[in-house]
Amino acid sequence: LTATRPLCVPPPSRPMMPPTSPISPPSADLVRRLGRIDQFGPKRQASLQEAFKTEAELCKATEKDLRSVAKIGPGLAKVLYGVIATGEFPPSKWRGEARVAMWNTRTQKKVSTRSLPTEEGAEAWLEKRPHCERYTGQDMTLRGPNLVSDASVMGEADYLMHCGQAGSAEELARLDQTLADHKLARRVVAVAASGGSSSAPAAPPGSSLFDAVSQAARRLEQEISQNEIQSAAISAVSRRCVDPITGRAQRKSPSRVAIIDDDDDDDDAPPTPTALLAAASVLLSRPIWVFTGAASEKNVLLVNPKHMPRTVEPLRLAEFGGSYHALVPDDEAAAAAERAEAVVSSDPEVLADAEEALLAADETQLPDLKDDLETSLKDTVTTISETERWSKENIPEKLDLSSYSEPLEGYRRRLVDGAGLDAVCLGDNGVGKSTLVDVAIYNTLEDDNAYKPRLDQGYVLEAVNKLFSTAEADPPTLAQLIADKTLLSSKGTEVVVLEHDDAAAAEAGADIAQLENDFRSYAESPGHMRPSFKKAHFLLPTGRDDHATTAIHTFVRYGGGVHMLVSKYTVAELKQQAFLFVAIRRELGDDDPEDIENEKQKDELKEAWHTFLKVTQGQTTDLPELSDELPAADELPESWSEVKVCDAVLKLTSSPHTLYCGEGRSLHHDRKQIHEVLETMNDDERLER
């Protein structure tokens, strides 16, 4: 090739057209030649080859087409398009000495480039690191229950072509080998296959796609029937249509569903298995992996692998002869085999009996304790009623057991109808969790005029009652705590009384009056700006503009007096938290933290390092970045008990609890003072946080 000829070698008169041969060669050779491009390694090459099967397809690809390929970003797509069109390779960015790629057998990752040796020093480097070996493409062949190599991933078209065929003995052997390689086994399910051939080899009976998904979901404690999955999946697929011009699937609903059969000539064609699998994946919020006995190296279909976090365990299925099997890790399968023996029969009655017995023996989900408790309560109340009825007929004086039956019936009603005593708010930063709690507190505030008189009548704060819940002595009242702050010393609690100030109380009252006026104006005319708790300095530190808000774990309880009980970590707990960094640092070894591909793992390392510095040095400002040099592993403590806690942290944790309270003379002044304490404590640059 010359430096200016396109890599697809078109005729000179038609510079952008592919070869005119009726059968275009595979794209593998062209992709291999493109491997000279920086940042175009084996995984990206495999993705490109999967997307464009032949050289003709690859040569016709536009820059936009290349960008749509997995693992290929806009920059690389532009370079690839230019090289394919002109044959001119950009100069390599590498200017250093050649290094030998190494593989870390502990972390199952390639060693970072900065730590690699030259060829001359490779053997000496390996002698010092027995857990490493030369890299020979190990990451392309890794397999396990939660790991499928890129080389094994099959495309949707290949899967649809494969799953429509009858099973054979050879295919079953390949499937068993694939499952063994991934340490998986078929879950024992005794249901007659809905598809497949009568001439297929003997194998544990499979089931329909929806039943297999239901079985796999049940193992992961997602109780959903095959009918529910089937109706939801078909409904989701039916909401999609295909644009007759572009040939692309168009969504009629926001659900994320994979492309279905795009045959424009048959609008009534049934949805494809891949479309149904994608719909089921969305319904269950889990990826679905389907293992096959395909003759090709690419024998595993991944459904929605990138739309969900990698931490979400996938549903695993096996497809053979048109039927499906739920899969489990082989250690679970071995345990199940000890409890039950697989039944293979063509008799529907035998299969039905076996299914019921095997599913009962292989049940992995805990029973629904709420239903069990409701049943127990109903049975107990019924027994009490029968006892009363018996006493009326058999003894002179009827027994009155209503003091037992009525509370139990009340508990049952609360269990069935009530939402519980506690509510938990979950959501991203800034979504409004603290605001929601503030609204609930605001709507339940009593009148300020009733606050002081009630607290004067020997009121005991709720947190103090909690501290004395198991003590025989009476808990001190608020007035007694204000007079003597040492009354809670026996409970390991420091008391901080926030002093009353008339001017500050008047200002706090004006803040709440303005908030009430804002709510009224907004209700009467929604065009006004929405009310905010920021200016009113409400109970929780809501909506600070400069950084994250409620980072401290905060529990809010309904009470009669505004106060706050702060429970602190023990010194031992802080040592263990700090030691987490030591464990991560040792696992990292010689790898450069900047080379960690998973951003979540990077954040965990950075947070653990910062925690270590706060606990051991009291450092809260100018914290280092991962680009700075990490401390060497041999310089860190050997165990968590050897972590040295700095004096500032020891002083903060000298008492297990701190109780903050106002003097009980002004509701809104006490509330504002508690808010300011919590907001200060919540500051990133304070050790209290």
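The structure displayed is predicted, hence computed values, not measured ones. Values reported hereafter were calculated over all heavy atoms of this structure, with side chains retained and with hydrogens, waters and symmetry mates removed.
- Taken from CD in E635 to CG in L630, the straight-line distance is 11.0 Å, to the nearest 0.5 Å.
- A heavy-atom distance below 4.5 Å is found between the side chains of L34 and L48.
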List the steps, then state whether side chain to side chain contact (heavy atoms under 4.5 Å, CB included) holds for L284 with V213.
CA-CA 10 Å; L284 297 170; V213 171; 3.6 Å; yes
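- The pair E119-R134 meets the salt-bridge criterion, since a charged nitrogen lies less than 4.0 angstrom from a carboxylate oxygen.
- Remark: the backbone N or O of L605 is not paired with any side-chain donor or acceptor of H610 at under 3.5 angstrom.
- Counting heavy atoms from C-beta outward, L659 and E494 have side chains that stay 4.5 Å or more apart.
- Within the 4.5 Å cutoff, the side chain of L317 has no heavy atoms near those of the H325 side chain.
- Looking only at side-chain heavy atoms (C-beta outward), H182 and F291 come within less than 4.5 Å of each other.
- Between the side chain of T493 and the backbone N or O of S489, no donor-acceptor pair lies under 3.5 Å.
- The shortest heavy-atom contact between V100 and A122 is CG2-CB, 4.3 Å.
- Without hydrogens or angle criteria, Q177 side chain to A180 main chain gives no donor-acceptor distance under 3.5 Å.
- When atom types are taken as modelled, the side chain of K433 and the backbone of G427 share a donor-acceptor pair closer than 3.5 angstrom.
- Between the CZ atom of R585 and the CZ atom of F581 there is a distance of 6.5 Å, given to the nearest 0.5 Å.
- Of the possible donor and acceptor atoms, none in the side chain of R99 sits under 3.5 Å from a partner among the backbone N and O of P117.
- At least one donor-acceptor pair closer than 3.5 Å links the side chain of T653 to the backbone N or O of V649.
- Defined by atom type and a distance below 3.5 Å, a donor-acceptor pair is missing between the side-chain atoms of E685 and T620.
- Not less than 6.0 angstrom separates the ring centroid of H563 from the ring centroid of Y660.
- Here the shortest heavy-atom pairing between V582 and P637 reads CG1-O, 3.6 Å.
- Here the side chains of V643 and T616 are in contact, with some heavy-atom distance below 4.5 Å.
- Residue N682 comes nearest to R689 through the heavy atom pair O-NH1, 2.7 Å, listed as atom of the first residue, atom of the second, then distance.
- Partners of V79 by side chain to side chain contact (heavy atoms under 4.5 Å, CB included), not counting sequence neighbours, listed by chain and number: I37, V83, P90.
- Listed by chain and residue number, nothing satisfies the side chain to side chain contact (heavy atoms under 4.5 Å, CB included) test with A440 (two or more places apart in sequence, or in another chain).
- At least one donor-acceptor pair closer than 3.5 Å links the side chain of N598 to the backbone N or O of Q601.
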Checking side chain to side chain contact (heavy atoms under 4.5 Å, CB included) for the pair L66/F52: CA distance, chi angles, key distance, verdict?
CA-CA 10 Å; L66 295 172; F52 303 99; 3.9 Å; yes
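- Contacts classified as salt bridge (charged side-chain N to carboxylate O under 4.0 Å, His left out) and involving residues 564-584 (residues at least two apart or in different chains) are not found.
- Side-chain contact of H657 with S567: a donor-acceptor pair under 3.5 Å is present, judged by distance alone.
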For the pair V571 and L650, evaluate side chain to side chain contact (heavy atoms under 4.5 Å, CB included) and give the outcome as yes or no after the intermediate values.
CA-CA 7 Å; V571 172; L650 289 175; 3.9 Å; yes
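- Under the rule for a side chain to side chain contact (heavy atoms under 4.5 Å, CB included), P656 has no partner lying at least two apart in sequence or in another chain.
- You'll find the side chain of T680 stays beyond 4.5 Å of the side chain of E688, heavy atoms only.
- Of the possible donor and acceptor atoms, one in the side chain of S47 sits under 3.5 Å from a partner among the backbone N and O of K43.
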Walk me through whether C661 and L498 qualify under side chain to side chain contact (heavy atoms under 4.5 Å, CB included).
CA-CA 6 Å; C661 62; L498 306 170; over 6 Å; no
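- Closest approach of V69 to A51, counting heavy atoms only: CG2-CB, 3.8 Å.
- Distance check: I72 CD1 to D65 CG gives 11.5 Å after rounding to the nearest 0.5 Å.
- The side-chain heavy atoms of V566 and M564, taken from C-beta on, include a pair separated by under 4.5 Å.
- A donor-acceptor contact closer than 3.5 angstrom is absent between the side chains of N299 and T292.
- We find the CD1-CG distance between I584 and L580 to be 4.0 Å, quoted to the nearest 0.5 Å.
- Closest of all the heavy-atom pairs between C132 and V111 is SG-CG2, 4.3 Å.
- Within the structure, side-chain hydrogen bond (donor to acceptor under 3.5 Å, both in side chains) contacts touching residues 640-652 (residues at least two apart or in different chains) are S639-S641.
- Side-chain contact between T105 and E133 is present, with heavy atoms from C-beta onward closer than 4.5 Å.
- For P74, the side chain to side chain contact (heavy atoms under 4.5 Å, CB included) partners at least two apart in sequence or on another chain are R67.
- Distance check, rounded to the nearest 0.5 Å: CG of L302 to CH2 of W289 gives 6.5 Å.
- A salt bridge links R586 with E638: at least one charged nitrogen is closer than 4.0 Å to a carboxylate oxygen.
- Using a distance-only test at 3.5 Å, with no hydrogens or angles considered, no donor-acceptor pair links the side chain of S152 to the main chain of K298.
- For the pair F612 and A578, the tightest heavy-atom approach, listed with the atom from each and the gap, is CD1-O, 3.4 Å.
- The line from CZ of R129 to NE2 of H131 is 7.0 Å long, rounded to the nearest 0.5 Å.
- Test L315, V290, L179 against L327 for side chain to side chain contact (heavy atoms under 4.5 Å, CB included) and you get one pass: L179.
- For the pair K491 (side chain) and V464 (backbone), a donor-acceptor distance under 3.5 Å is absent.
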